[in-house]
Amino acid sequence: MSNAIVQLEHVTQRFAWRGKAVQAVNDVSLSIAEGEIVCLVGESGCGKTTTGKIVAGLLKPTEGRVVFEGKDVWAMSPEEFKHYRRAVQIVHQDPYSSLNPVRTIYKTLSAPLLRHGFARDNREALAKIRELLEIVGLTPPAEFINKYPHQLSGGQRQRVSVARALTVNPRFIVADEAVSMVDVSIRLSLLNMLTGLKEQMGVTFLFITHDLALAKYFVWEGRIGVMYLGQLVEISPTPDLIEHPSHQYTQALLSAIPEADPNLTRNKERIKLRSLDVPSLLNLPAGCTFHPRCPSYKEGLCDRVAPAPLEVTKEHFAVCHLATQSRAVQAGTM
Ligand code: SF4
């Protein structure tokens, strides 16, 4: 992708656990364009959070390269790395533990503003904090500025976490399960606030969630990547992934999403997996790692040969032996 802000090139992350190597991320390549919104979905343990940490520079991958604005992140000078770490911010899942309980909102937000020179003194910091609280929907700001985290609701705390990420004028935000710990009723307004940031400030997003229904809503104009056991098994512009899923795992996830209309949900055919147990990362299955659960598994092929990524349609890739290329891609007309 020519206007990529962040690229992962064949990134693998292994951790040592009781003398064994756990492969949390397996050969992931992903290019995210400036202003784009990409969502990674998958069950817990699929590697999406580790991938997010790698993108944000919190983890150095065991293999592969992370490229920010054309530069290898782990070959940057200390000054360049500082710039990159400021430009790429992460908003964590848990707003309860990510905010310091003994700091007021003013203290939480003024510290990075003053430390990184985005405000010259307390007066400038205060003006900037008011502006940020307005942006994240904590209005009127005077009502929140001197409060402590325990005096706020979960949704309000998560808005403060987003405001803190915005203090350093980020160009890229990794939102890791950023709305999963708040009530369903306020999830929508938080998602709308994040969408607004993309539109008003041109922030690029990597949104991480286990909830494909949420991903579908939030990134309809972006791309969804589906991860399974550390691998990116399918990635596509959202409408094409929802309407024409090519990987058997994506099809199973989609079949489990309830529809708004109860009649549709009742009549929807749910794909039955061969097994509900997710294999251990310590002992990955041979061939396609989804084969012990896949209802369409082909004996002798899926359990022996690892499928290669295939471009199904433009920008839509799937890693499955059953995925077929559209005629337009075969003819090179897309
Ligand atoms: Fe299922 Fe085989 Fe495709 Fe894997 S490669 S998802 S086992 S059909």
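No experiment lies behind these values; they were computed from the predicted model shown. As the structure lists them, so they are numbered: ligands from 1, and atoms in each ligand from 1.
- Near L322, meaning under 4.0 Å from any of its heavy atoms, are these atoms of ligand 1: 8 (S).
- Of all protein heavy atoms, the one closest to atom 2 (Fe) of ligand 1 is C302 SG, 2.3 Å.
- Under the 3.5 Å distance criterion, the side-chain polar atoms of H116 are left unmatched by any main-chain donor or acceptor of F118.
- Shortest contact from atom 1 (Fe) of ligand 1 to any protein heavy atom: C294 SG, 2.3 Å.
- Separation of atoms CZ (R171) and CD (Q89) is listed at 13.0 Å; rounding is to 0.5 Å.
- Under the 6.0 Å distance and 45° angle rule, K147 counts as a cation-pi partner of F144.
- The distance from atom 2 (Fe) of ligand 1 to the nearest N/O/S atom of C288 is not under 2.8 Å.
- A salt bridge links E43 with R293; the closest basic N to acidic carboxylate O contact falls under 4.0 Å.
- With E234 contributing its side chain and P245 its backbone, the two residues share no donor-acceptor pair below 3.5 Å.
- Within ligand 1, counting atoms from 1 as listed, the ones closer than 4.0 Å to a heavy atom of C320 are 3 (Fe), 5 (S), 6 (S), 8 (S).
- With respect to atom 5 (S) of ligand 1, the closest heavy atom belonging to the protein is H321 N, 3.3 Å.
- In the model, E177 has a side-chain atom that pairs as donor or acceptor with a side-chain atom of H210 under 3.5 Å.
- Contact annotation for H247 and ligand 1: only side-chain heavy atoms (C-beta onward) come within less than 4.0 Å of the ligand.
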